[in-house]
Q: 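Just passing along the structure, written as structure tokens.
Positions are given from 1 along the sequence. Just so it is clear, the structure is predicted and the values come from calculations on it, not from any experiment.
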Amino acid sequence: AQAAADAAEAAEDARRAEAAAAAAAASGVAPEQGRSWMDAAKAGDDAALRSLLRANPRLLGYRGDGTNYAFTAHTALHWACARGHVRAARWLLACGADAHATNASGSTALHAAATT
């Protein structure tokens with residue numbers, strides 16, 4: 001019985017990993033690059049954000065696909081606003097970040113900013 005449960009758990013883990021990889025591929029952002037982008041937004045690291053966006057413009061609308069950030073569906077703008085990084089948030093908006101994008105719970109970056 002335990003062996004069957006372990007096999008089922010391993011199969012589910014493999015299915016999740018495959019789904020995450022497919023989501024990342026569809027977004028045009030490699031998981032490591034996406035994780036770096038989200039980490040930079042959370043930290044308000046303007047230099048890293050600029051460098052990463054120059055390397056891959058698709059990051060601007062990225063929502064964490066293929067990473068542990070996917071469950072929130074935050075954009076970098078959500079993270080910058082949630083952490084109070086005004087300069088980073090303004091730069092993201094100037095680059096064309098969607099101020100009306102909603103996360104998994106239907107909140108915009110403005111909602112995130114209001115809760116800081």
Q: By side-chain contact (heavy atoms from CB on, under 4.5 Å), which residues pair with Leu110, not counting sequence neighbours?
A: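 For Leu110 the side-chain contact (heavy atoms from CB on, under 4.5 Å) partners, ignoring immediate neighbours, are Thr108.
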Q: Can you see which heavy atom on Cys95 is nearest to which on Leu60, and at what distance?
A: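 Where Cys95 meets Leu60 most closely, the heavy atoms are O-CD2, 3.2 Å.
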Q: Could you go step by step and tell me if Asp39 and Trp79 meet the side-chain contact (heavy atoms from CB on, under 4.5 Å) rule?
A: CA-CA 9 Å; Asp39 289 344; Trp79 284 117; over 6 Å; no
Q: Spell out, as yes or no, whether a donor-acceptor pair under 3.5 Å connects the side chain of His78 to the backbone of Thr72.
A: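 Answer holds: no.
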Q: Would you say Gln33 and Tyr62 make side-chain contact, with heavy atoms under 4.5 Å?
A: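 Counting from C-beta outward, Gln33 and Tyr62 never come under 4.5 Å.
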Q: On a heavy-atom basis, which atom in Ala99 and which in Leu93 lie closest, and how many Å separate them?
A: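 The answer is CB-CD2, 3.8 Å.
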Q: State, to 0.1 Å, how close Gly66 and Pro31 come at their nearest heavy-atom pair, and which atoms those are.
A: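 Reported closest heavy-atom pair: O-CB, 3.6 Å.
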Q: Any pair with a residue in residues 93-103 that passes side-chain hydrogen bond (donor to acceptor under 3.5 Å, both in side chains), sequence neighbours left out, goes on the list, sorted by first then second residue, please.
A: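 Every pair satisfying side-chain hydrogen bond (donor to acceptor under 3.5 Å, both in side chains) with a residue in residues 93-103: His74-Asn103, Asn103-Ser105.
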Q: Checking Glu12 now: which residues fulfil salt bridge (Lys or Arg N to Asp or Glu O under 4.0 Å) with it, not counting sequence neighbours?
A: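 Salt bridge (Lys or Arg N to Asp or Glu O under 4.0 Å) list for Glu12, sorted by chain: Arg15, Arg16.
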Q: Quick one: does any side-chain atom of Trp37 pair with a main-chain N or O of Leu59 as donor and acceptor, under 3.5 Å?
A: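 Confirmed, Trp37 side chain pairs with Leu59 backbone.
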Q: Quick one: side-chain contact (heavy atoms from CB on, under 4.5 Å) partners of Arg58, sequence neighbours excluded?
A: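 Partners of Arg58 by the side-chain contact (heavy atoms from CB on, under 4.5 Å) criterion, ordered by chain and then number, come out as Val29, Asn56.
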Q: Got a list of side-chain donor-acceptor pairs under 3.5 Å for residues 45-55, not counting sequence neighbours?
A:
from  : atom 1 : to    : atom 2 : distance (Å)
Asp45 : OD1    : Ala47 : N      : 3.4
Asp45 : OD1    : Ala48 : N      : 3.1
Asp46 : OD2    : Arg87 : NE     : 2.3
Asp46 : OD2    : Arg87 : NH2    : 3.1

Q: Taking it one step at a time, do Arg35 and Met38 satisfy side-chain contact (heavy atoms from CB on, under 4.5 Å)?
A: CA-CA 5 Å; Arg35 194 173 296 106; Met38 294 302 197; 6.0 Å; no
Q: Mind checking what makes side-chain contact (heavy atoms from CB on, under 4.5 Å) contact with His85, not counting sequence neighbours?
A: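 Partners of His85 by the side-chain contact (heavy atoms from CB on, under 4.5 Å) criterion, ordered by chain and then number, come out as Ala80, Arg83, Ala88.
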Q: Once rounded to the nearest 0.5 Å, what's the spacing between atom CZ of Arg63 and atom OH of Tyr69?
A: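 If we round to the nearest 0.5 Å, Arg63:CZ and Tyr69:OH are 16.0 Å apart.
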